[in-house]
Colleague: 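Below are the structure tokens for one structure; questions will follow.
Note that these values count all heavy atoms, side chains included, but never hydrogens, waters or copies made by symmetry.
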Amino acid sequence: MTTAAASALERLVDRNPSITGAEIASELVPPPQFEHASFESYRPDHDFPSQQAALDRLNAFAGAWRAAQRPGGFFSRKRPARIELPGVYLDGGFGVGKTHLLAALWHVAHGPKYFGTFIEYTALVGALGYAQAVELLRGARLVCIDEFELDDPGDTMLMTRFLGELMAGGTRVAATSNTPPNALGEGRFAAADFLREIHALSSNFETLRIDGLDYRRRDTEGHAEALADDAAVEHAAATLASRGHRVSLDGFDALLAHLSTVHPSKYIKLIEGLEFIALTGVRELTDQNAALRLVAFIDRVYDAEVPILASGLALDEVFGGDMLSGGYRKKYLRSMSRMIALTTGELPPHD
């Protein structure tokens, strides 16, 4: 790698981003791959009728907003029946289209409206303070929460209270969640645990079950791609940079160490502007904290649709020890699925 090529490469470990509450709020929109998600573009798998049933029910949930767009609006004689419950929860495994449907609902809704992951909302509260965050989102027609986390009791209680205040003001809420630590059924018990953990609000939510196969694995060989060695990654990164692409090049261990110093809410800013991420020396992880930080990082990389070039162990094989049989199994499996997509170039149209 020439000196000129090396100087054109960026390093994630040199980035120390900051983010304000206002910036977090402005970014509470569906990620780029769901910018045009719609009910019409969702492709239900006919082998799993619950997908079509969920699609139909969400269309009904969105009926009030559709009515407002028709001549006569809410006073039309064809006004749909009032949806009694202000909340809907999409329950299912990863890769069955929950995020696509959530984004489609967001696009149909009239504003003000917000769409974000659980961690983005908790980061907003952390940045602004509870009262100011509530005030900022007060009056929203719809709040969508993707991957509602159930493995931190404190954050779960915080978000339950937060949503309670918003729903009391007329805000409708749609959510998906990860499987909690004690539920290893790939989403099978997620609905019951979700409703138990948000018991103060559970009567406000209707559960929509979505069964199916992880679409991200339908057209892949089942493993993330790894280049031959570190030199191959460095050469590929330098070649891309010489062609005008913005590329970062970091050692895997150095990146993990840096992620431990950056709050996950800032990971999206950490990769801002990059077109490719190159990693050398990928290895198996035995530290669960490091593994969970990597999961959060991969989520943001996937949302931003930034391909990864890597050497060493295939990225989807990094979760070692008992991680895949432990409480965070579903998180790791979802991340592995996304790593396959990021390294093979098979970034799919919906989640």
Side-chain angles (χ1 to χ4, degrees), residues 11-16 93-95 117-119 122 147 149-155 177-187 190 214 216-217 220-234 248-268 270-271 277-303 306-344:
R11 282 163 45 94
L12 291 173
V13 297
D14 292 336
R15 294 184 168 197
N16 294 288
F94 49 89
T117 62
F118 182 88
I119 195 172
T122 55
E147 300 167 13
E149 301 283 351
L150 298 172
D151 40 37
D152 186 314
D155 281 347
S177 86
N178 65 319
T179 302
N182 64 338
L184 305 182
E186 305 304 330
D214 180 0
R216 282 185 292 266
R217 292 189 181 273
T220 69
E221 296 300 320
H223 286 292
E225 292 184 0
L227 276 66
D229 51 33
D230 292 355
V233 170
E234 293 169 357
S248 66
L249 173 63
D250 294 89
F252 186 64
D253 284 340
L255 174 62
L256 291 176
H258 189 55
L259 292 180
S260 70
T261 69
V262 179
H263 191 277
S265 66
K266 301 177 183 178
Y267 287 176
I268 188 62
L270 191 66
I271 62 174
I277 292 171
L279 298 174
T280 58
V282 176
R283 62 172 178 83
E284 183 177 275
L285 297 177
T286 56
D287 180 271
Q288 187 142 258
N289 289 326
L292 291 172
R293 282 192 288 267
L294 180 63
V295 168
F297 177 74
I298 291 297
D299 283 347
R300 302 288 76 78
V301 175
Y302 183 82
D303 286 346
V306 182
I308 295 177
L309 310 171
S311 61
L313 189 67
L315 272 170
D316 64 317
E317 298 178 353
V318 299
F319 303 119
D322 297 327
M323 289 185 186
L324 294 182
S325 59
Y328 298 106
R329 172 179 170 82
K330 185 180 177 184
K331 281 188 177 183
Y332 295 140
L333 290 175
R334 184 193 70 219
S335 190
M336 289 162 60
S337 178
R338 293 182 169 187
M339 289 168 175
I340 293 171
L342 289 167
T343 60
T344 60

Colleague: What's the separation between atom CG in D250 and atom CG in L12, rounded to the nearest 0.5 Å?
Modeller: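 Reported value, rounded in 0.5 Å steps: 4.5 Å.
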Colleague: So K331 and L292, do their side chains get closer than 4.5 Å, heavy atoms only?
Modeller: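 Touching, per the 4.5 Å side-chain cut-off.
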Colleague: Search all heavy atoms of V13 against all heavy atoms of A254 and return the closest pair with its distance.
Modeller: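 Shortest heavy-atom separation between V13 and A254 comes out as CG1-O, 3.5 Å.
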Colleague: Measuring only between side-chain heavy atoms, which start at C-beta, is L309 closer than 4.5 Å to I277?
Modeller: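 SC-SC contact between L309 and I277 ruled out.
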Colleague: Is it the case that the side chain of Y267 and the backbone of L259 share a donor-acceptor pair, with hydrogens and angles ignored and the cut-off at 3.5 Å?
Modeller: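 Yes; at least one donor-acceptor contact below 3.5 Å.
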Colleague: Quick one, K266 and N16 - any side-chain contact, counting heavy atoms below 4.5 Å?
Modeller: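 A side-chain contact under 4.5 Å is absent here.
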Colleague: Take I308 and V301 through the test side-chain contact (heavy atoms from CB on, under 4.5 Å) and record every step on the way to the result.
Modeller: CA-CA 9 Å; I308 295 177; V301 175; 4.1 Å; yes
Colleague: Taking side chain as C-beta onward, heavy atoms only, is L342 less than 4.5 Å from I298?
Modeller: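 Side chain of L342 against side chain of I298, heavy atoms only: contact under 4.5 Å found.
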Colleague: Write down the atom of A278, the atom of V233, and the distance for their closest heavy-atom approach.
Modeller: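 Heavy-atom minimum between the residues: CB-CG1, 3.7 Å.
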Colleague: Using side-chain contact (heavy atoms from CB on, under 4.5 Å), reason through R283 and V318 one step at a time and then give a plain yes or no.
Modeller: CA-CA 6 Å; R283 62 172 178 83; V318 299; over 6 Å; no
Colleague: Atom CE in M323, atom CG in D287: separation rounded to 0.5 Å?
Modeller: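 Between atom CE of M323 and atom CG of D287 there are 6.5 Å.
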Colleague: Is there a donor-acceptor pair under 3.5 Å between the side chain of D229 and the backbone N or O of G312?
Modeller: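 Answer holds: no.
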Colleague: Measuring from atom CD of E317 to atom CG of L324, what distance do you get when rounded to the nearest 0.5 angstrom?
Modeller: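 It comes to 10.5 Å.
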Colleague: Indicate yes or no: at least one non-hydrogen side-chain atom of R300 is less than 4.5 angstrom from one of T117.
Modeller: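 In short, these two side chains touch, coming nearer than 4.5 Å.
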Colleague: I'd like to know if E147 pairs up with R338 as an ion pair, taking the criterion as any Lys NZ or Arg NE/NH1/NH2 lying under 4.0 Å from an Asp or Glu carboxylate oxygen.
Modeller: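 Salt bridge: yes.
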Colleague: So do R293 and S260 actually touch side chain to side chain, heavy atoms under 4.5 Å?
Modeller: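 With C-beta onward as the side chain, the pair touches.
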Colleague: I'd like to know if the side chain of T343 reaches the main chain of M339, judged simply by a donor and an acceptor atom lying under 3.5 Å from each other, with no hydrogens or angles considered.
Modeller: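 Present.
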Colleague: Starting at CG of L313, measure out to CZ of F319 and round the result to the nearest 0.5 Å.
Modeller: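 Rounded to the nearest 0.5 Å, the CG-CZ separation comes to 11.0 Å.
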Colleague: Check whether any side-chain heavy atom of L315 sits under 4.5 Å from a side-chain heavy atom of F252, and report yes or no.
Modeller: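 Yes, side chains in contact.
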Colleague: Looking at D322, I'd like to know if its CG atom is crowded, meaning that more than 12 non-hydrogen atoms belonging to other residues, nucleotides or ligands lie closer than 6.0 Å.
Modeller: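 No.
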Colleague: If we only count heavy atoms from C-beta on, is the H223 to D316 side-chain gap below 4.5 Å?
Modeller: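 Counting from C-beta outward, H223 and D316 do come under 4.5 Å.
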Colleague: Could you check whether any side-chain N or O of R11 sits under 3.5 Å from a backbone N or O of L249, counting only pairs where one atom can act as donor and the other as acceptor?
Modeller: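 Not confirmed, R11 side chain does not pair with L249 backbone.
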Colleague: State, to 0.1 Å, how close L227 and A232 come at their nearest heavy-atom pair, and which atoms those are.
Modeller: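 So the minimum-distance heavy-atom pair works out to CD2-O, 3.6 Å.
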Colleague: How far does CZ of F297 sit from CG of L255, to the nearest 0.5 angstrom?
Modeller: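 One gets 5.0 Å once the value is rounded to the nearest 0.5 Å.
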Colleague: Give, for atom CD of Q288 and atom CG of L294, the distance between the pair rounded to the nearest 0.5 Å.
Modeller: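 Rounded to the nearest 0.5 Å, the CD-CG separation comes out at 12.5 Å.
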Colleague: Just by distance, with hydrogens left out, do D230 and S311 show a side-chain donor and acceptor under 3.5 Å apart?
Modeller: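 Per modelled atom types, D230 and S311 side chains form a pair under 3.5 Å.
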